[in-house]
Amino acid sequence: NYGPAYREWAETNLREAPKDPTQYDAKVKQAAENYKKYISLTDYSVESQMRYADFVYRTKDYTTLQKVATDLSASAKSNLRVYRYIATAAYGNKDYPTAETAMTKWINEAGAKRVLPSDYLLLGKTQIEEKKDSLGVQTLRKALTLDTTQVDLYGEIAGALYKQKKFADAASAFYTYGQKSRSAQLNDHYKEGYSWFEAYKQQYIAAQNNKTAPKPDSTFLLRADSAFTYVERKVATPIAAVIKMHAEVKDFEDGDRNDPKAFKGLAKPLYEQYIQLTTANGTVADNLKPDVATAYAYLGNYAEYKDNDHAKALDYFNKAKDLDPTNAQVVYYFQTKGKAAGGAKSK
């Protein structure tokens with residue numbers, strides 16, 4: 001029942017905690033239990049409780065940490081650091097308003113020398129969880145200005161911008177994340193490509209609707225092309241969704257399909273591969289039918305305008321019509337070129 005022995009035992013546990021996460025967690029949990037035993041045998045002073053909070057913080061027991069830190073915050077003698085602990089615990093408990101309030105107080109009052117980039121990271125993530133996306137991104141960028149080595153923050157920033165559908169900024173952040181961080185996954189490279197493509201489409205639609213709007217930035221398509229190519233080279237087996245997106249990018253690069261001289265057919269091999277992947281089992285899944293119909297329609301246009309093979313074009317458009325009769329290209333084809341040639345054969 002000698003309290004100081006448990007205190008020293010807890011400190012020893014902490015010092016000998018290994019770097020291996022599985023072993024570290026067990027050791028710091030033991031340390032926290034020993035320090036709690038020390039408190040129960042001695043006193044519940046603010047100083048002892050503060051040190052106990054240090055131990056609980058390492059265990060990631062956010063329920064206990066939030067209670068201990070909140071109780072400490074009521075004392076005028078407590079260290080301002082309790083607000084960092086409250087914020088960390090509240091975020092772990094998905095109590096985001098409390099987390100934002102506590103971390104804001106810590107950052108505003110602790111002083112620049114005590115505030116860490118990780119504090120801004122936690123605050124930014126909290127703000128994003130509260131749907132304050134723009135503010136959250138600004139806060140995450142603040143974390144980057146404090147420590148440029150925190151390259152994983154680009155992943156956080158990219159994800160937030162992606163949710164906001166600010167695709168040009170998201171694509172740029174995903175690109176930087178992929179180039180600088182070892183934590184970047186293939187899905188991040190896919191989202192980079194998707195974001196570049198969506199950014200281009202946003203500009204394209206704006207230009208179509210407003211003649212005074214700037215022309216869409218064609219480099220966005222090149223960047224999307226590069227990102228999807230990277231993913232395709234890295235995966236063990238082809239992924240239909242990636243192939244489809246890549247084909248759409250090349251489709252925009254193709255030029256005017258109504259002008260045989262301008263229509264290059266860049267998307268043709270990708271759409272052919274997509275059809276092969278999605279029809280391998282003999283049937284096309286219902287949710288994929290519109291996309292596969294688009295692929296067939298593209299091949300139909302290629303046969304019509306590039307090969308000047310009307311029979312092959314009709315065959316492709318019939319396949320597209322079977323999958324999605326409402327497809328705009330299918331409707332146009334059978335209302336015009338395919339009406340006379342294939343009216344009897346089309347379904």
Side-chain angles (χ1 to χ4, degrees), residues 1-107 109-111 113-130 139-140 143 146-147 149-150 152-153 155-156 183:
N1 293 328
Y2 184 59
Y6 286 97
R7 179 188 61 201
E8 300 308 315
W9 192 1
E11 298 290 355
T12 302
N13 291 148
L14 196 59
R15 286 178 171 81
E16 67 178 2
K19 292 183 178 181
D20 184 339
T22 56
Q23 299 179 41
Y24 175 86
D25 290 346
K27 188 60 71 174
V28 296
K29 182 178 180 181
Q30 184 183 9
E33 291 172 350
N34 283 329
Y35 204 89
K36 184 177 181 181
K37 179 70 173 178
Y38 158 70
I39 292 176
S40 69
L41 293 171
T42 54
D43 69 284
Y44 283 87
S45 67
V46 171
E47 183 181 354
S48 295
Q49 288 276 52
M50 194 67 206
R51 184 55 181 154
Y52 176 54
D54 293 339
F55 281 97
V56 178
Y57 176 77
R58 291 176 171 82
T59 68
K60 300 180 182 179
D61 179 356
Y62 297 126
T63 301
T64 301
L65 178 61
Q66 188 166 355
K67 182 179 185 309
V68 172
T70 301
D71 290 345
L72 277 168
S73 68
S75 172
K77 296 181 180 180
S78 64
N79 191 306
L80 191 64
R81 191 172 71 252
V82 298
Y83 290 100
R84 175 190 276 162
Y85 290 169
I86 291 173
T88 302
Y91 181 83
N93 293 328
K94 299 184 178 181
D95 182 2
Y96 302 121
T98 298
E100 183 182 15
T101 300
M103 186 54 77
T104 299
K105 182 176 179 64
W106 163 253
I107 290 174
E109 299 181 20
K113 292 183 178 180
R114 299 178 70 188
V115 176
L116 301 174
S118 58
D119 296 328
Y120 283 101
L121 171 59
L122 181 64
L123 178 58
K125 291 169 68 174
T126 299
Q127 291 165 335
I128 289 169
E129 289 291 349
E130 291 184 283
T139 305
L140 291 175
L146 293 179
D147 185 359
T149 66
Q150 299 289 327
D152 285 353
L153 289 180
E156 299 283 351
S183 300

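Using a 4.0 Å cut-off between charged nitrogen and carboxylate oxygen, Lys29 and Asp61 do not count as a salt-bridge pair. In summary, Glu11 and Arg7 do not engage in a salt bridge, as defined by a charged side-chain N under 4.0 Å from a carboxylate O.
Looking at Asp95 and Gln66, their side chains do bring a donor and an acceptor atom within 3.5 Å of each other.
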Check against salt bridge (charged side-chain N to carboxylate O under 4.0 Å, His left out), Asp71 and Lys67:
CA-CA 6 Å; Asp71 290 345; Lys67 182 179 185 309; 3.1 Å; yes
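Residues Thr64 and Thr59 form no side-chain contact, since every pair of their non-hydrogen atoms from C-beta on lies 4.5 Å or further apart. With contacts defined as side-chain heavy-atom distances shorter than 4.5 Å, the pair Trp106/Leu80 qualifies. The closest side-chain heavy-atom distance from Phe55 to Lys36 is not below 4.5 Å. A heavy-atom distance below 4.5 Å is found between the side chains of Tyr52 and Gln49. In this structure, Tyr120 and Val115 have side chains that are in contact, with non-hydrogen atoms separated by less than 4.5 Å.
Around the CD atom of Glu47, the shell of radius 6.0 Å holds no more than 12 heavy atoms that belong to other residues, nucleotides or ligands.
Here Leu14 contributes atom CG and Lys27 contributes atom NZ; the two are 10.5 Å apart, rounded to the nearest 0.5 Å. For the atom pair OH (Tyr62) and NZ (Lys94), the distance works out to 12.5 Å, reported to the nearest 0.5 Å.
Here Tyr96 and Tyr91 bring their ring centres to under 6.0 angstrom of each other. In this structure, Tyr35 has its ring center under 6.0 Å from that of Tyr38.
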